[in-house]
There are 2 protein chains.
Amino acid sequence: MPRPSQPILSRDLIFRTALAKLDRTGGFTIPEIAHKLGVSVSPLYHHVKGRADILEGIRGLMADWDATTTDLPWQEAVAAWARNYRDSFAKHPAAIPALVAQTITEQSVLNQYESLAAILSDAGFSSRSVVLSVSMIDALCLGSALDLGAPSTIWQRSDEHRSALQNAVDNATLGDDRAEQAFQLHLSLIIAGLTDLLSSDLESETTVP
Amino acid sequence: MPRPSQPILSRDLIFRTALAKLDRTGGFTIPEIAHKLGVSVSPLYHHVKGRADILEGIRGLMADWDATTTDLPWQEAVAAWARNYRDSFAKHPAAIPALVAQTITEQSVLNQYESLAAILSDAGFSSRSVVLSVSMIDALCLGSALDLGAPSTIWQRSDEHRSALQNAVDNATLGDDRAEQAFQLHLSLIIAGLTDLLSSDLESETTVP
DNA sequence: ACCTGAACACCGTTCAAGT
DNA sequence: ACCTGAACACCGTTCAAGT
C-alpha cells in the first residue's frame, strides 16, 4: 500500500484535526492526531514544532474572523469586537482551558488586539484609557469564555441543602442563557465606563488650550 | 536510618509543598513533591486521591480568607469579596492556569460563592439579578486573575513596529499597576451596574402592592 | 498505618533508516 | 520531502511486599 505522492499532512489539517478532537473529547494527544490522520507520530513534527505550536494554530483557527467592520461608532465597534472574540471561544468551549494556559504568539490574534487599540485611540481615548480599556475588555472576554468552557459547579443544582445561590438559580429562569445574558450586561457596563473615560479625556484636553 | 514513628505526610503538607513548587517554577509533578518531602511516590496516594485532589487542595489554601466581613453596605461587601478573591489569585499567579482548567469541588470555595449570593439576596436583589451579578463578578475575578497569571504578550513592548497599542502602553505610565488599576475600575463599573439592577428590582416590587 | 521498590500504561519528542 | 519504527526520558497511578 504505497503512500500517495500528494502530501498527506499540512499544518492546517493538523490544527483542524486537533481542534475537532478537542471539541469532541475535551483533550487531544499527539498520537491521537497521528492515528486519526493515518500516519505515525514523527511526521507531524515535520510540520509543527510541538504541542504548543498546535495550540497556537488552534487559536488562529478560532480567531479567524470575518473583517474589521470599520465605519462604526466606537461604541458599536468595541461591542462587535468583544462579541466576536467571545463567540469565537463560545464555539469551542473545550479548547478554552488549554488555550488560556498558554501565551499568545499567534500573530492574527495579536493583530486583533492592535485593531481594538486603534479603534479606541482613533476615538480620542488617552493612552492611559486605551490601556485600561483593553485590559478590562480582555478580562471580560476571557472571564466569560471560562464561564462557558468550565462553568462553575455553583450553577448546577445540588439538592443537598437550600442555599441563596441555589434558590436564585432555580427562580431566575435564565437557563442556558445565563452566561450569554451576563456577558451582554457586563459588556454594556464596560462600554458605559469607557464613555465616561473618554469624556474626562476630552475635558482635560480642553484644559490645555 | 529508621523512619520516625511520627507521621511524615499530611494532606496539608502535600498541598503546601505543591503550591510552593507551583509558585517557584510554574508547575509541579508528583515525583517532585515526593522527592521534596523525602519519601517515594506511592505514600502520597495514601493521603490524596491524585493530581486533581492536590489541585483542589491548593485552591482551598489560596481561598482560605479571614472572615465574612458582615455588617457592611452591600456595595462594600461585594467590593471586598471581589478584591479578596482576586488577591488570593494574585498571590499565586503561576497556579491560576492549572486551577482554571479544573472544576471547583473544594467546599470552602463553593461556600464563598454562596456567601456572595447571600449578600446580594439580603440586599434585595431578585433571583435573576443575583444570578447575573454573580456571573459578572465571577468573570471579573477570573479574567483579571488570568491577566495576572499569564498576561498577554500584548503588554510587553516589542520594538518591531509602532502600533496603537504599543504607543498607548509606552505613554500610559501605568507600569506594573496596569492590571491592578484595570481591576479597580472594572469592579467599580460592575458595582454601578448592580446598583441599577437593584433599583429596577425594587421598582417592579412596588408595582405589586 | 505508613513506607519501599517495581511495574504499568501512557505522554511528548527525537532520530536513524527507508522510499 | 515525507514517511516508518524504535527509542528516550518522562508522566500519573497502582500494587505486592516490607516494618
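Proteins get letters first, then strands, A, B, ... in listed order; numbering begins at 1 in each.
DNA chain D contains the following stems of three or more consecutive Watson-Crick or G-U pairs, with both distances under 3.5 Å: C:4-8 with D:12-16, C:12-16 with D:4-8.
Residue pairs meeting the salt bridge (Lys or Arg N to Asp or Glu O under 4.0 Å) criterion with at least one member in residues 137-155 of chain B, sequence neighbours excluded: B:Asp147-B:Arg178. Counting only residues at least two apart or on different chains, the salt bridge (Lys or Arg N to Asp or Glu O under 4.0 Å) pairs with a member in residues 179-197 of chain A are A:Arg83-A:Glu180, A:Arg86-A:Glu180. Residue pairs meeting the salt bridge (Lys or Arg N to Asp or Glu O under 4.0 Å) criterion with at least one partner in residues 99-124 of chain A, sequence neighbours excluded, are absent.
Taking 4.0 Å as the cut-off between side-chain N and carboxylate O, B:Lys91 and B:Asp23 do not count as a salt-bridged pair. Under the 4.0 Å criterion applied to side-chain N and carboxylate O atoms, B:Asp12 and B:Arg16 are assigned as salt-bridge partners.
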For nucleotides 14-19 of chain C, just jot down a letter per nucleotide in 5' to 3' order: B, S or -, based on protein non-hydrogen atoms under 4.0 Å. BB----
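One interatomic measurement links the two molecules: NE2 of A:His35 to C1' of C:dG12, which rounds to 18 Å at whole-angstrom precision. Atom P of nucleotide D:dC11 and atom CD of B:Glu32 are separated by 6 Å, given to the nearest angstrom. Going from atom CZ of B:Arg51 over to atom P of D:dG12 covers 5 Å, rounded to whole Å. Atom CG of B:Leu13 is separated from atom C1' of C:dC2 by 14 Å (rounded to the nearest Å). Between the CG atom of B:Leu37 and the C1' atom of C:dC3 there is a distance of 13 Å, rounded to whole Å. The distance between atom CD1 of A:Ile33 and atom P of D:dC3, rounded to the nearest whole Å, is 15 Å. Put simply, CG on B:Leu55 is 10 Å from P on D:dG12, counting in whole angstrom units.
Residues of residues 18-29 of chain B that place a heavy atom closer than 4.0 Å to DNA chain C do not occur.
A:His35 has its side chain out of reach of A:Glu32: every pair of non-hydrogen atoms, C-beta onward, lies at least 4.5 Å apart. Counting heavy atoms from C-beta on, the side chains of A:Gln112 and A:Trp81 come closer than 4.5 Å. No side-chain heavy atom of A:Phe183 sits less than 4.5 Å from a side-chain heavy atom of B:Leu132.
Nearest to the side chain of A:Ile8, among D:dC3, C:dT4, C:dC11, sits D:dC3. Among the nucleotides D:dG5, D:dT13, C:dT13, the one closest to any side-chain atom of A:Ile30 is C:dT13. Among the nucleotides C:dC3, D:dT4, D:dC3, the one closest to the side chain of A:His47 is D:dC3.
Residue A:His46 places no side-chain N or O under 4.0 Å from the OP1 or OP2 atom of C:dT13.
Side-chain atoms of B:Arg128 and A:Gln181 include a donor-acceptor pair closer than 3.5 Å.
A:Trp155 has its ring centre no less than 6.0 Å from the ring centre of B:Tyr113.
One N or O on the side chain of B:Arg59 and one on the backbone of B:Gln102 form a donor-acceptor pair closer than 3.5 Å.
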